[in-house]
Amino acid sequence: MLRFWKKSTTRPSRVVIVGAGFGGLSAARELEKLGGFEVTVLDRTNHHLFQPLLYQVATGGLNPSEISSPIRSLFRESPCVTVLLGALTGVDRVRRVIQVDQSGLELAYDYLILALGGQTSYFGHPEWEKWAPGLKTLEDARKIRQKVLLAFERAELESDPEARRRLMTVAVIGGGPTGVEMAGALAELRTHVLRREFKRIKPEEARVLLLEAGSRVLSTFPEKASDTAADELRRLGVEVLLGETVEEISCGSVRTQRRTLAAENVIWAAGVAGHPLAGLLGAPLDRAGRVKVNPELNLADDERVFCLGDMAHVADKSGRPLPGVAPVAVQQGKLAARNIAKLQANRKPKPFSYFDKGSMATIGRKSAVAVLPGGILLSGWAAWLGWLAVHLAFLVDLQNRILVILRWGWAYLGWKWNVRLIAEPSEAAGTAGLPHSTRTAPAGS
């Protein structure tokens with residue numbers, strides 16, 4: 001059995017951080033500043049991912065490499081931070097070790113920070129994932145982009161008008177920030193980019209549907225902001241369908257309590273649950289599978305284990321769980337690191353108090369809604385500039401900030417979204433898998 005860090009009376013405290021998202025990186029950087037710790041960051045991928053911009057990868061606006069950074073490069077100048085590639089498979093809180101992969105590797109810890117993120121929730125219908133992928137990873141974004149672009153390529157070859165309409169329909173389920181941003185980007189991709197490149201079909205006539213079970217989009221925003229967002233989506237040509245509870249999703253079809261919609265592409269943006277590995281801790285979970293933690297972010301029965309971000313249930317002042325957004329995770333990461341330092345010094349740790357700097361969502365390339373502290377509401381161009389500044393600031397790599405600015409500037413000036421490669425064009429042969437020679441393409445548009 002492989003072991004790391006044999007115990008020594010003079011060694012610094014060992015902190016293992018599982019997950020290199022916003023919370024994990026924030027904790028590692030804070031521990032690095034505080035000093036006196038040996039920090040190991042473990043992640044199942046070798047990169048930190050900026051999830052708020054995944055929808056831009058899914059719609060061809062950005063390259064995957066422009067919203068992700070190698071974890072090792074972020075800590076290459078740090079002598080106290082070690083980065084390991086591997087997946088958590090077990091936690092032994094009695095021996096204070098975690099198991100990694102299936103190799104028998106164990107990492108010993110004095111303090112453990114789990115920042116594993118969350119998973120897409122299908123509200124008891126895991127079978128829907130096959131037809132309605134979520135958007136949590138680079139692979140999710142790549143698959144969505146490929147499937148959407150392939151549908152238009154197949155529509156270009158399709159002679160049946162009904163089949164062509166289905167191929168040119170995208171349904172986004174969920175009216176939160178992710179769903180709103182995805183629907184807006186798809187509408188602009190259809191209207192301003194693809195329409196210039198296809199000859200037999202009219203991509204601008206494609207349908208983009210946004211289905212929301214509630215009475216308004218962006219339900220966590222003030223009602224005025226929700227109304228503004230819905231109006232802006234409709235201006236872009238998105239069909240906003242409110243009060244539509246999804247009852248069934250199958251190949252090329254979505255059924256709600258009101259209607260059945262034919263859509264070749266269905267994208268799920270409706271819910272997030274706790275990480276499936278949360279159960280390894282043996283700690284209480286909430287209904288969404290998130291770990292219930294103390295206000296200090298550690299477990300009630302083990303002060304040495306901390307949980308952050310989407311996998312942790314932390315309530316706000318009104319008793320509702322905090323949203324799964326980057327600012328929450330960043331602030332939790334910093335506090336967890338400081339509380340570990342307090343525990344090491346036999347001092348009382350501090351409870352977490354979230355400082356809400358506001359919420360925002362973008363709708364297309366020059367419009368957004370933002371709710372600032374004090375209830376100040378911004379919309380349109382001013383909100384979009386704010387959204388742009390915040391997202392650039394949260395990109396952890398300077399090179400990526402420059403590349404994203406250049407990419408967005410190029411797209412803004414000429415509507416040229418060039419990140420639209422299809423890696424497996426053979427899938428475009430037809431809806432029934434027929435070779436091109438056996439199918440009849442329409443004579444023209």
Side-chain angles (χ1 to χ4, degrees), residues 49 51 53-64 67 119-120 122 125-158 160 162-174 178-195 197-198 200-211 238-239 246 248-255 261-270 417-436 439:
L49 175 63
Q51 283 191 346
L53 288 180
L54 268 177
Y55 80 95
Q56 293 253 339
V57 175
T59 54
L62 293 174
N63 273 309
I67 66 165
Q119 64 177 337
T120 302
Y122 288 89
H125 292 277
E127 70 277 9
W128 290 352
E129 183 178 8
K130 180 179 180 180
W131 310 114
L135 190 59
K136 298 293 288 183
T137 67
L138 285 176
E139 184 62 16
D140 292 337
R142 189 195 68 81
K143 287 180 178 178
I144 289 172
R145 181 179 65 189
Q146 177 131 319
K147 196 164 182 285
V148 169
L149 294 176
L150 278 172
F152 281 93
E153 295 290 348
R154 288 166 57 189
E156 182 90 334
L157 297 168
E158 184 58 66
D160 181 5
E162 184 176 344
R164 197 190 309 172
R165 280 193 295 272
R166 187 194 73 248
L167 288 166
M168 293 171 61
T169 299
V170 183
V172 180
I173 300 175
T178 299
V180 165
E181 292 177 344
M182 174 65 79
L186 286 168
E188 291 194 330
L189 174 68
R190 165 205 66 186
T191 305
H192 297 290
V193 182
L194 297 183
R195 74 175 179 86
E197 301 177 358
F198 287 82
R200 298 180 181 272
I201 61 173
K202 295 182 178 180
E204 64 270 25
E205 295 179 356
R207 300 176 71 191
V208 178
L209 314 174
L210 179 62
L211 282 67
V238 177
E239 299 176 42
V246 174
E248 184 179 354
I249 302 175
S250 56
C251 180
S253 176
V254 177
R255 180 170 61 82
L261 300 162
E264 181 69 12
N265 280 283
V266 182
I267 301 169
W268 187 267
W417 297 4
N418 293 328
V419 191
R420 290 182 285 113
L421 300 180
I422 298 176
E424 300 171 12
S426 60
E427 293 182 25
T431 55
L434 298 175
H436 289 180
R439 307 185 71 245

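Quantities reported herein were computed from a predicted structural model and do not represent experimental measurements.
Residue Ala171 comes nearest to Ala263 through the heavy atom pair CB-CB, 4.1 Å, listed as atom of the first residue, atom of the second, then distance. Nearest heavy-atom pair, Leu135 versus Ala58, reported as atom, atom and distance to 0.1 Å: CD1-CB, 4.3 Å.
Panel note: side chain Arg190, backbone Ala206; a donor-acceptor pair is recorded below 3.5 Å.
Of the candidates Val172, Asn265, Leu210, Val238, Leu186 forms a side-chain contact (heavy atoms from CB on, under 4.5 Å) with just one, namely Val172. Leu54 pairs with exactly one of Thr178, Leu138, Leu62 by the side-chain contact (heavy atoms from CB on, under 4.5 Å) rule, that one being Leu138.
Between the OG atom of Ser250 and the NZ atom of Lys130 there is a distance of 10.5 Å, given to the nearest 0.5 Å. With rounding to the nearest 0.5 Å, the separation of CE in Met182 from OH in Tyr55 is 9.0 Å. Note: Arg195 CZ to Leu189 CG = 12.0 Å, rounded to the nearest 0.5 Å. Between the CD1 atom in Ile201 and the CD atom in Glu153 there is a gap of 8.0 Å [rounded to 0.5 Å]. In this structure, the separation between NZ on Lys147 and CG on Leu149 is 12.0 Å, given to the nearest 0.5 Å.
At a threshold of 4.5 Å between non-hydrogen side-chain atoms, the residues Gln119 and Lys136 do not count as touching. Leu150 is listed as a side-chain neighbour of Gln146, based on a closest heavy-atom distance under 4.5 Å. Here the side chains of Val170 and Leu209 are not in contact, with every heavy-atom distance at 4.5 Å or above. The side-chain heavy atoms of Gln56 and Ile67, taken from C-beta on, include no pair separated by under 4.5 Å. Contact check for Tyr122 versus Glu127: no side-chain heavy atoms found under the 4.5 Å cut-off. Using a 4.5 Å heavy-atom cutoff, the side chains of Thr59 and Arg145 are not in contact. Using a 4.5 Å heavy-atom threshold, the side chains of Val266 and Ile173 count as touching. For the pair Ile144/Pro133, a side-chain contact is recorded, criterion being any heavy-atom separation below 4.5 Å from C-beta on.
With sequence neighbours left out, the ring-ring contact (aromatic ring centres under 6.0 Å, His included) criterion links Trp128 to His125, Trp268. Considering only residues two or more places apart in sequence or on other chains, Phe152 meets the ring-ring contact (aromatic ring centres under 6.0 Å, His included) condition with none of them.
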(Q) One pair to check against salt bridge (charged side-chain N to carboxylate O under 4.0 Å, His left out): Glu248 and Arg255. What are the steps and the verdict? (A) CA-CA 5 Å; Glu248 184 179 354; Arg255 180 170 61 82; 3.0 Å; yes
**Q.** Steps toward salt bridge (charged side-chain N to carboxylate O under 4.0 Å, His left out) verdict (Arg200, Glu156)
**A.** CA-CA 6 Å; Arg200 298 180 181 272; Glu156 182 90 334; 5.0 Å; no
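Salt-bridge annotation for Arg142 and Glu139: present, with a side-chain N of the basic residue lying under 4.0 Å from a carboxylate O of the acidic one. The pair Glu264-Arg154 meets the salt-bridge criterion, with a side-chain N (NZ, NE, NH1 or NH2) lying under 4.0 Å from an Asp/Glu carboxylate O. Between Arg164 and Glu158 there is no salt bridge, since no side-chain nitrogen of the basic residue lies less than 4.0 Å from a carboxylate oxygen of the acidic one. Ionic pairing of Arg207 and Glu239 is present here: one or more N-O contacts between side-chain nitrogen and carboxylate oxygen are shorter than 4.0 angstrom.
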